[in-house]
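The first residue of the sequence shown is numbered 1, and numbering continues consecutively from there.
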Amino acid sequence: MTEFQGMRMKHNICMVSDFFYPNMGGVESHIYQLAQCLIERGHKVIVITHMYDQRKGVRYVSNGLKVYYLPFTPFYNQNVFPTVFTTLPVIRAILVREEIHIVHGHSAFSTLAHEAMFHAKFLGIRTVFTDHSLFGFADVSSILANKVLQFCLSDSNHVICVSHTSKENTVLRASLKPSMVSVIPNAVDADMFLPDPSRRDPSLINVVVISRLVYRKGTDLLGNIIPEICKAHPDVQFIIGGDGPKRILLEEVREKHELQDRVRLLGALDHSQVQDVLVQGDIFLNTSLTEAFCIAIVEAAACGLHVISTKVGGVPEVLPADLMRLAEPRSKDLIQALNSAIADCRADKFPCPFEAHRRVSQMYTWHNVACRTEVVYDRVAQDQPLCLTERLKRYRECGPVSGWLFIVIAIVNWLLLLTVEFVMPRDLIEVAPDCRRLNNKKKN
């Protein structure tokens, strides 16, 4: 049962995603930072993800956050193979052992998040889902992903999106009522991204790019921009952090135009290295073709860099106009925006880095994200679990063919759950000690 301490409800929360540390990215950072703030506010939080190389079993990270690295290997793009049924026994055992009240899945790309939420509903546990991405509607992969998302969210208690654009996209993709979708943006740990103008070279203008080098992040656009800007501005250099399949394209561009001394490819960066790279730059360039929020531009602005970004997705909602310039996702428009920013940089027209940091640190804080997420948890904790009949009815509404397929999957999963309950009754599962309560007793 959910506990009440003072006037606030206390929850046992399970965050689930295929994307978590040691893998690096926006989703991973979001889960970690949110979990840390919720623990500080008195909630019990655990994380479930898949194994990474030899990292499997139970691990503890900062502030006593327990992480279950399940013995499932990634199949494609850091996701486990979608089987639905094979994850039921271990997911059930963890949720029962940890006395979880709310399962919070992250990322529409995550197979493990969808499966854990699916199993949790059969156990009478409330579910919340955070969508971090935007999807299309026309290509085959998007159509299939949207149908799976509709199935997963049709009987979920609440959905969180990181921008208003993302909310509109998710409501349309999953056929949801707008009232069950909240907008809670990402945030940044401002203390980790402090400006340091002394690290900049006054004789040069450094353009920093930190991104996964993949098509969706606009690496092809970047490959077109670099030679044009370098040709027009002899004092401009590019510092590029990140790795991916499109790195070979940037290496070819650098080789073809003989820009080895002006384009630095740093490769993959640890999160602790990002600030050290950002403070060397004057301008941050984001060439993404689709973004729900883009936490990288917030981190760059916190370090005092002027941001140039494509006008896509939820990006226009993130920063005010004097801290960011927007351009259409075309090489010509991005080059024009960069030329204008370089001219302003030479004329010293950019806002003060420390003033930019102060403003960003007030706009986006993880404490605020945690408080707003807490409100969602309090709301769903009052919901009554849906009976199996009502859930099957909602699955049926997912489509004339897919609806019946989802019903079959649900019934098979229910029968499997009955079998698992018979073989391993709940009474035989030892409840894990609550480190939060133990620490409070020691303090008292």
Go through it in stages, so that I can follow the logic: the residues are Asp378 and His11, the test is side-chain hydrogen bond (donor to acceptor under 3.5 Å, both in side chains), and I'd like the CA-CA distance, side-chain angles, deciding distance and then a yes or no.
CA-CA 8 Å; Asp378 292 346; His11 307 285; 2.7 Å; yes

Determine yes or no for a side-chain-to-main-chain donor-acceptor pair under 3.5 angstrom, with Gln273 supplying the side chain and Asp270 the backbone.
yes

One pair to check against side chain to side chain contact (heavy atoms under 4.5 Å, CB included): Leu265 and Ile240. What are the steps and the verdict?
CA-CA 5 Å; Leu265 296 175; Ile240 303 173; 3.8 Å; yes

Heavy-atom count around Gln362 CD within 6.0 Å, excluding the residue itself: above 12?
yes

Of all the heavy-atom pairs spanning Ser182 and Val376, show the shortest one and how long it is.
OG-CG2, 4.3 Å

Any idea which heavy atoms bring Glu98 and Lys66 closest together, and the distance?
OE2-NZ, 2.8 Å

Parallel, tilted or perpendicular: ring planes of Tyr364 versus Phe293, cut at 30 and 60 degrees:
perpendicular

Gln36-Ser62 side chain donor-acceptor pair, cut-off 3.5 Å:
no

Any chance you could lay out the salt bridge (Lys or Arg N to Asp or Glu O under 4.0 Å) test for Lys121 and Asp155, step after step, and finish with the verdict?
CA-CA 8 Å; Lys121 297 164 192 172; Asp155 55 348; 2.8 Å; yes

Nearest heavy-atom pair of Gly241 and Leu266: which atoms, and what distance?
CA-CB, 4.2 Å

Go through Tyr68 and Thr49 one step at a time and tell me if the side chain to side chain contact (heavy atoms under 4.5 Å, CB included) criterion holds.
CA-CA 6 Å; Tyr68 284 87; Thr49 188; over 6 Å; no

Would a 4.5 Å heavy-atom cut-off, applied to side chains only, mark Cys14 and Ile48 as touching?
yes

Where does the angle between the aromatic ring planes of His30 and Trp366 fall among parallel (under 30°), tilted (30 to 60°) and perpendicular (over 60°)?
perpendicular

State, with a plain yes or no, whether a side-chain heavy atom of Ile31 is found less than 4.5 Å away from one of Ser17.
yes

Any carboxylate oxygen within less than 4.0 angstrom of a Lys/Arg side-chain nitrogen, looking at Lys393 and Glu397?
no

Could you tell me which non-hydrogen atom of Ala108 sits nearest to which non-hydrogen atom of Arg173, and how far apart they are?
CB-NH2, 3.8 Å

Cation-pi check, Arg55 onto Tyr21 ring (under 6.0 Å, within 45° of axis):
no

Crowded around Phe85 CZ? As in, over 12 foreign heavy atoms under 6.0 Å?
yes

Grab the two heavy atoms, one from Arg372 and one from Pro185, that are nearest each other, plus how far apart they are.
NH1-CD, 3.6 Å

Could you tell me whether Phe81 and Phe75 have their ring centroids closer than 6.0 angstrom?
yes

Let's go through Gln280 and Asn206 carefully: what are the C-alpha distance in whole Å and the side-chain angles of both, what is the deciding distance for side-chain hydrogen bond (donor to acceptor under 3.5 Å, both in side chains) to 0.1 Å, and is it a yes or a no?
CA-CA 7 Å; Gln280 300 176 44; Asn206 284 327; 5.6 Å; no

Which heavy atom in Asn157 sits nearest to a heavy atom in Arg126, and how many Å separate them?
OD1-CA, 3.2 Å

Could you list the residues that satisfy ring pair (Phe, Tyr, Trp, His ring centres under 6.0 Å) with Phe129, not counting sequence neighbours?
His114

Asn186 side chain reached by Val369 side chain, heavy atoms, under 4.5 Å:
no

Quick check: are there more than 12 heavy atoms from other residues, nucleotides or ligands sitting under 6.0 Å from CZ of Arg97?
yes

Is the shortest distance from a Lys or Arg side-chain nitrogen in Glu291 or Lys217 to a carboxylate oxygen in the other one below 4.0 Å?
yes

Does any non-hydrogen side-chain atom of Val27 lie less than 4.5 Å from one of Asp18?
no

Please name all residues satisfying side-chain hydrogen bond (donor to acceptor under 3.5 Å, both in side chains) with Arg330, sequence neighbours left out, ordered by chain then number.
Asp333

Please say which of Val103, Ile160, Thr373 ends up in a side-chain contact (heavy atoms from CB on, under 4.5 Å) with Val128.
Ile160

If you count every heavy atom of other residues, nucleotides or ligands that lies below 6.0 Å from Phe137 atom CZ, does the total exceed 12?
yes

Would you call His43 and His101 a side-chain contact if the rule is heavy atoms closer than 4.5 Å?
no

Ring centres under 6.0 Å, that's the criterion: do Phe20 and Tyr52 meet it?
no

Which atom pairs, donor and acceptor, lie under 3.5 Å between side-chain atoms of residues 300-310 and protein residues at least two apart or in another chain?
residue: His306; atom: NE2; partner: Arg325; partner atom: NE; Å: 2.9
residue: Ser309; atom: OG; partner: Asn286; partner atom: ND2; Å: 2.8
residue: Thr310; atom: OG1; partner: Ser288; partner atom: O; Å: 2.5

Please verify the inter-ring angle class for Tyr377 with His104; under 30° counts as parallel, over 60° as perpendicular, anything in between as tilted.
perpendicular

I want to check something: taking the side chain as every heavy atom from C-beta on, are Leu334 and Leu222 in contact at a cut-off of under 4.5 Å?
no

Is the shortest side-chain heavy-atom distance between Phe406 and Leu392 below 4.5 Å?
no

Answer yes or no: are there more than 12 heavy-atom neighbours, outside Met180 itself, under 6.0 Å from its atom CE?
yes

Under 4.5 Å between any side-chain heavy atoms of Gln78 and His50, yes or no?
yes

Tell me if a side-chain donor or acceptor on His367 pairs with a main-chain N or O of Cys37 at a distance below 3.5 Å.
no

From Tyr215 OH over to Leu249 CG, what is the distance, rounded to the nearest 0.5 angstrom?
12.5 Å

Determine, step by step, whether Thr83 and Glu115 satisfy the side chain to side chain contact (heavy atoms under 4.5 Å, CB included) criterion, reporting the C-alpha distance in whole Å, the side-chain angles of both residues, the deciding distance to 0.1 Å, and the verdict.
CA-CA 8 Å; Thr83 60; Glu115 294 189 6; 4.3 Å; yes

Before giving the answer on side chain to side chain contact (heavy atoms under 4.5 Å, CB included), spell out for Leu153 and Asp131 the whole-Å C-alpha distance, their side-chain angles and the decisive distance to 0.1 Å.
CA-CA 11 Å; Leu153 300 185; Asp131 198 354; over 6 Å; no

